[in-house]
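Worksheet: the structure to be examined is printed underneath.
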Amino acid sequence: MAHADVKLDALGLFCPMPIILTAKKIKELAVGQVLEVISDDEGIKKDMPAWCQTTEHELVGFEEELIASKQAYKAFVRKK
Amino acid sequence: MTTEVAPSITLAQLHESKPDRVTIVVLSGDLDRVMASFIIATGAAAMGMPVTMFFTFWGLNAIRRKGATSSARDWLRRMFGLLNKGGAGQLPLSRFHFGGIGTKMMHRVMKQNRMPGVPELLHTAQDLGVQFIACTTTMGLMGITKDTLIDGVDQLAGVSTYLAEAKQGQVNLFI
């Protein structure tokens, strides 16, 4: 399991909210810190890599797991 | 009465702007289409792209204040302003509006699923620095005056302003 400095809970939120919250939250981090975004929106699987590519932050890990018997995704983003 | 026109963007501003600009012409005032516009706009802004939304015709309804009455001079346009209801929370669905019942049901489903509505998306867009431009020509045509628009409409402008922005846009949409 990847290490995270800050966690962002985006469970239950649809596109574009997880990405918007991520963009806002990452501003609070110091360069090099890792943000963990937890979402159950399946679109995040494609959206988070795309967001990282455009914003030039680094996607250091991506995990899938069941949270409250629902498929959820954890993305780990290192601030550049 | 003359409508005050905000100064158009300076050349310097255009020069320093990044090439990956997004512009969206919002012509439609339908809930679904306006929602799609704002989702793209907020998404692009979250990706660090400068976004300009150009509101024209029915799209102007999304940036009108709810219940604000038109102060157009002639009765025809005043009537038009009254009949053509504005307000981000008042937009009808393009299909299944059913005199308001369908749209009301859609609002309920969205709320149950914690989906942001148009007013919330609009607020988020402003928060993220999305630029709003209102088209002066259609405002005049439809009896919509500046005082009936929401706060934070950056400019009242015309086609040249839009084209100057769109020329630098990598993504230019018409919705």
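Sparse packing is recorded around CD of A/Glu56, with 12 or fewer heavy atoms of other residues, nucleotides or ligands lying under 6.0 Å away. B/Asn113 CG: more than 12 foreign heavy atoms inside a 6.0 Å radius. In the displayed structure, A/Glu42 atom CD is contacted under 6.0 Å by at most 12 heavy atoms of other residues, nucleotides or ligands. Environment of NZ in A/Lys24: crowded, with over 12 heavy atoms of neighbouring residues, nucleotides or ligands closer than 6.0 Å. Within a 6.0 Å radius of CE in B/Met106, no more than 12 heavy atoms belonging to other residues, nucleotides or ligands are found.
Note that CD of A/Gln53 and CE of B/Met47 are 8.0 Å apart. Values are rounded to the nearest 0.5 Å. Atom-to-atom distance recorded for A/Leu13:CG and B/Met115:CE is 10.5 Å, nearest 0.5 angstrom.
Side-chain atoms of B/Arg114 never come within 3.5 Å of backbone atoms of A/Phe14 as a donor-acceptor pair (strictly under, hydrogens ignored).
The cluster map of Ile, Leu, Val, Met, Phe, Trp and Tyr, joined by side-chain heavy atoms under 4.5 Å apart, puts B/Phe96 and B/Val118 in different clusters. Following chains of ILVMFWY side-chain contacts shorter than 4.5 Å, one cannot reach A/Val37 starting from A/Ile67, and the two form parts of different hydrophobic clusters. B/Val34 and B/Leu93 fall within a single hydrophobic cluster, where Ile, Leu, Val, Met, Phe, Trp and Tyr are joined by side-chain heavy atoms under 4.5 Å apart, directly or via other members.
Considering all non-hydrogen atoms of both residues, A/Ala23 and B/Ala46 come closest at CB-O, 3.4 Å.
At a heavy-atom cut-off of under 4.5 Å, chain A is reached by B/Leu121, B/Thr124, B/Asp127, B/Leu128 from residues 121-128 of chain B, listed in order of number.
If you tally non-hydrogen atom pairs under 4.5 Å between each of A/Ile20, A/Leu21, A/Thr54 and chain B, the highest count goes to A/Ile20.
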